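Chain naming here is simple, since letters A, B, ... match the order of the sequence lines and numbering starts at 1 in each. Computed from a predicted structure; not experimentally measured.
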Amino acid sequence: MEREDSFPQRVWQIVAAIPEGCVTTYGDVAKLAGSPRAARQVGGVLKRLPEGSTLPWHRVVNRHGQISLTGPDLQRQRQALLAEGVVVAGNGQIDMQRYRWNY
DNA sequence: ATCCTGACCTGAC
DNA sequence: GGTCAGGCCAGGA
């Protein structure tokens, strides 16, 4: 029995706790996960998410308040955010000062 | 055990 | 205000 949840599991927990209509950064998620410098790993976890997962991964963006994805994935995340009332520019830019979620 | 990779961050020019 | 290089952490081969 694992005494402590693994990082992916922690990331899932944290991302799942992000309120609807809000966004956060990979760095913040990593910080809450206990490893402030493991922001990259957060992205790696979200990338390997199972299809059936209801995890709101689209609420996680980079430090610049911009979607780090490209092409169809970028559009998908943008649509998901727009559906929640988050204003996202065509290039994936988001007004962090307005939607940033602080634990 | 080693080496490479990555949906990043920070500091410096 | 942008761009470049370095670093850090965890997973997978």
Side-chain angles (χ1 to χ4, degrees):
Chain A
M1 298 168 68
E2 291 79 4
R3 294 178 299 255
E4 296 181 358
D5 295 338
S6 296
F7 279 89
Q9 209 151 4
R10 289 191 184 180
V11 172
W12 296 334
Q13 289 274 108
I14 295 165
V15 175
I18 303 174
E20 183 177 315
C22 293
V23 296
T24 188
T25 65
Y26 297 97
D28 284 359
V29 175
K31 196 172 187 179
L32 293 174
S35 296
R37 306 295 181 227
R40 299 185 97 176
Q41 200 58 30
V42 175
V45 171
L46 297 181
K47 184 180 186 179
R48 298 189 98 218
L49 273 179
E51 296 182 8
S53 180
T54 59
L55 203 72
W57 60 270
H58 48 266
R59 293 175 193 158
V60 184
V61 297
N62 63 19
R63 216 349 187 139
H64 299 269
Q66 188 174 51
I67 297 174
S68 294
L69 290 171
T70 58
D73 289 330
L74 164 55
Q75 296 303 327
R76 200 169 343 204
Q77 183 169 4
R78 186 168 77 92
Q79 290 296 329
L81 288 171
L82 289 172
E84 295 184 353
V86 178
V87 179
V88 185
N91 61 340
Q93 182 64 48
I94 301 171
D95 187 348
M96 290 295 287
Q97 294 190 358
R98 181 168 183 183
Y99 297 106
R100 189 172 198 194
W101 171 65
N102 45 1
Y103 171 77

Legend entry - Pairing of A:D73 and A:R76 as salt bridge, 4.0 angstrom limit: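 Here A:D73 pairs with A:R76 in a salt bridge, since their nearest N and O are under 4.0 Å apart.
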
Inset, instruction - Determine, for A:R100 against A:D95, whether the closest basic-nitrogen to carboxylate-oxygen distance falls under 4.0 angstrom. - result: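 A salt bridge is absent here (no side-chain N lies under 4.0 Å from a carboxylate O).
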
Inset, instruction - For A:S35 and for A:R40, find the nucleotide of DNA chain C with the closest heavy atom, then tell me which residue's nucleotide is more 5'. - result: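 It is A:R40, whose closest nucleotide lies nearer the 5' terminus.
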
Inset, instruction - Tell me which of A:H64 and A:Q41 sits closer to the 5' end of DNA chain C, going by the nucleotide each one is nearest to. - result: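 Looking at DNA chain C, the more 5' nearest nucleotide goes with A:H64.
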
Which whole-number value in Å describes the distance from [X] [atom1] to [N] [atom2]?
X     : N      : atom1 : atom2 : answer
A:Q66 : C:dG2  : CD    : C1'   : 13 Å
A:L49 : C:dG11 : CG    : P     : 14 Å
A:W12 : C:dA10 : CH2   : P     : 16 Å

So, the side chain of [X] versus the backbone of [Y]: is there a donor-acceptor pair under 3.5 Å, distance only?
X     : Y     : answer
A:E84 : A:E20 : no
A:D28 : A:K31 : no
A:Q93 : A:H64 : yes
A:R78 : A:G92 : no
A:S6  : A:Q9  : no

Inset, instruction - Name every residue in residues 83-90 of chain A that has at least one heavy atom under 4.0 Å from any atom of DNA chain B, in order of residue number, or write none if there are no such residues. - result: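 Residues of residues 83-90 of chain A under 4.0 Å from DNA chain B: none.
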
Legend entry - Identity of whatever pairs with B:dG11 - Watson-Crick or G-U, under 3.5 angstrom: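 Paired with B:dG11, as far as the under-3.5 Å criterion goes, is C:dC4.
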
Inset, instruction - Please determine, for C:dC9, whether a Watson-Crick or G-U wobble partner exists with both distances under 3.5 Å, and give it or none. - result: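 By the stated definition (distances under 3.5 Å), B:dG6 pairs with C:dC9.
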
Using a heavy-atom cut-off of under 4.0 Å over every strand shown, decide if [X] touches base, sugar-phosphate, or nothing.
X     : answer
A:F7  : sugar-phosphate
A:P36 : nothing
A:G27 : sugar-phosphate

Inset, instruction - Considering only heavy atoms of chain A and a distance under 4.0 Å, specify the first and last nucleotide of DNA chain B in 5' to 3' order that meet this criterion. - result: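 For DNA chain B, the relevant span reads B:dG6 to B:dT10.
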
Inset, instruction - Determine, using the 4.5 Å side-chain heavy-atom cutoff (strictly less than), whether A:F7 and A:V29 are members of one ILVMFWY cluster. - result: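 In one cluster: no.
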
Inset, instruction - Measure the shortest side-chain to side-chain distance between A:V11 and A:Q41 over non-hydrogen atoms and say whether it is less than 4.5 angstrom. - result: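 Answer no - side chains too far apart.
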
